[in-house]
Amino acid sequence: MVKPFWRIGAGMERSKVNPTKTDGLTWYKDLGHHAFGEFSMAMIQANNVMEDQCQIESGPLTFNNPAVQGTFVGVYDGHGGPEASRFIADNIFPNLKKFASEDMEISEQVIRKAFAETDEDFLIAVKKQWRSNPQMASVGSCCLAGVICNGLVYIANAGDSRAVLGRSERGGMRAVQLSVEHNANLESARQELWSMHPNDPNILVMKHRMWRVKGVIQVTRSIGDAYLKRAEFNREPLLPKFRLPEHFTTPILSADPSVMVTRLRPEDEFMILASDGLWENISSQEAVDIVHNSPRQGIARRLLKAALKEAARKREMRYSDLKEILPGVRRHFHDDITVIVVYLKPQMVKTNGWASPLSVRGGYPMHSS
Amino acid sequence: MAMKKANKLTQKAMIKQILKRCSSLGKKQSNVYSEDENGHPYDVPKGHFVVYVGENRVRYVVPISFLTRPEFQVLLQQAEEEFGFDHDMGLTIPCEEVVFRSLTSMLR
């Protein structure tokens with residue numbers, strides 16, 4: 001049987017009831033309101049255990065200054081298990097608020113500190129259970145976080161999820177990429193790794209036309225993946241397949257995000273944030289065109305469907321048949337997919353809106369271990 | 001009942017042994033097929049999908065009911081170990097055709 005994998009506003013004392021729905025392996029929130037407009041979320045599970053997590057938090061972004069209002073959006077694409085992505089969903093927003101409270105504002109630095117703290121705390125948790133649960137050292141997650149505040153949008157990314165802006169132009173809507181991706185199959189990510197590890201000829205290994213860091217992983221930045229960050233985890237009792245043959249001193253993967261700050265313009269209509277499961281099936285421009293040409297209600301689910309239709313086409317089968325495949329084997333047809341569409345109300349861009357606080361979270365299993 | 005279980009076990013062991021002899025794949029062959037107006041390939045009936053098998057990546061149309069069979073799941077596991085989940089074109093099974101055929105004939 002299909003296991004539900006969501007919960008609402010987990011642990012958020014200020015959250016109001018915000019109905020979300022499930023339909024088989026799909027979880028969705030067709031339309032909701034954040035501080036500056038509307039949003040739509042959808043996720044689909046392909047792995048045995050849902051490894052993606054996501055959240056929207058809207059309202060105060062500090063604990064002590066109610067004037068700092070905004071919307072926080074997170075997409076966390078876990079690998080090796082769901083623990084790291086769940087940990088991020090539990091901790092990164094409180095961490096962000098903590099540092100924003102110290103600085104009395106949102107800034108690039110505040111967001112970087114929230115990433116660093118979340119990674120640090122996860123590695124501490126890994127160390128604590130090293131004896132009882134050593135495979136936690138091989139669990140990690142991509143982390144894409146967006147903050148809309150004071151007419152600016154901050155996009156911080158560690159991993160290969162992507163954020164795209166829909167900007168209206170004469171003749172249509174243009175996709176403007178807001179995130180920098182870290183995947184070994186991108187030239188920029190490879191150059192970065194080679195320059196950071198000049199003395200390691202095996203830092204990147206090509207296997208079946210795909211580049212992998214140390215031959216084991218495609219993403220070059222992440223939260224978690226302790227075994228690629230600290231040599232102390234590169235030993236027994238970690239399973240041999242995760243252990244690297246040679247000792248290392250510099251961390252191989254970094255949790256430091258690439259951050260892009262963009263001033264929102266009146267012609268900026270919406271943002272799409274999604275895990276790579278979406279982008280391996282539809283392009284940024286295709287996604288932007290779909291959002292531009294469709295009603296807002298259920299737009300995230302519409303993008304999900306477009307990606308699944310393409311996944312079915314690649315496997316030379318019908319979409320209706322793909323929909324019936326159970327999690328686990330389903331991973332051979334597509335990845336876990338998370339899509340969040342955030343509409344940017346143009347008239348709200350200049351001043352902070354004061355919508356009621358909101359907290360929606362997707363991807364949490366009801367029976368978590 | 002006990003007899004059945006024992007048979008199942010030896011069968012599984014046999015499959016594993018055969019799979020060990022399967023070779024890695026060389027160059028790939030692209031999948032050229034035609035679609036109808038709904039984007040469905042002409043030769044793939046409802047309830048079926050396509051895999052590419054063996055060194056020459058020979059195209060096979062198989063029922064999706066295979067996906068629930070442990071014997072077929074062993075093949076998928078092989079594919080995952082060999083390629084991960086990234087297949088440029090079509091799901092590729094790294095297994096000799098003759099093995100694939102005898103295995104799938106048991107499933108039908």
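Heavy atoms only: backbone and side chains are in, while hydrogens, waters and symmetry mates are out. By convention in this document, chain letters (A, B, ...) are assigned in the order of the sequence lines, proteins followed by strands, and residues within each chain are numbered from 1.
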L76(B) portion near chain A, given a 4.5 angstrom heavy-atom threshold: both
Pairs of heavy atoms under 4.5 Å with chain A: top-ranked of K46(B), H87(B), Q73(B): K46(B)
Partner set under ring-ring contact (aromatic ring centres under 6.0 Å, His included) for Y60(B), not counting sequence neighbours: F100(B)
Ion pair check, E96(B) and R101(B), cut-off under 4.0 Å: no
I325(A) versus chain B, the contacting section by heavy-atom distance below 4.5 Å: side chain
With W211(A) via ring-ring contact (aromatic ring centres under 6.0 Å, His included) - residues at least two apart: W194(A)
Close contacts, residues 330-339 of chain A versus chain B, judged by heavy atoms under 4.5 Å: R331(A), H332(A), F333(A)
Charged N-O contact under 4.0 Å between K214(A) and D200(A): yes
Residues R86(A) and D52(A) bridged, charged N to O under 4.0 Å: no
Top contributor to chain A interface from V61(B), T68(B), L91(B) [non-hydrogen pairs under 4.5 Å]: L91(B)
Validation row, ring centre F233(A) to ring centre Y227(A) under 6.0 Å: no
Those residues that, when tested against P63(B), pass side chain to side chain contact (heavy atoms under 4.5 Å, CB included) (two or more places apart): H48(B), S65(B), F66(B), R108(B)
K309(A), part contacting chain B, at a heavy-atom distance under 4.5 Å: neither
Donor-acceptor under 3.5 Å (E51(A) side chain, G81(A) main chain): yes
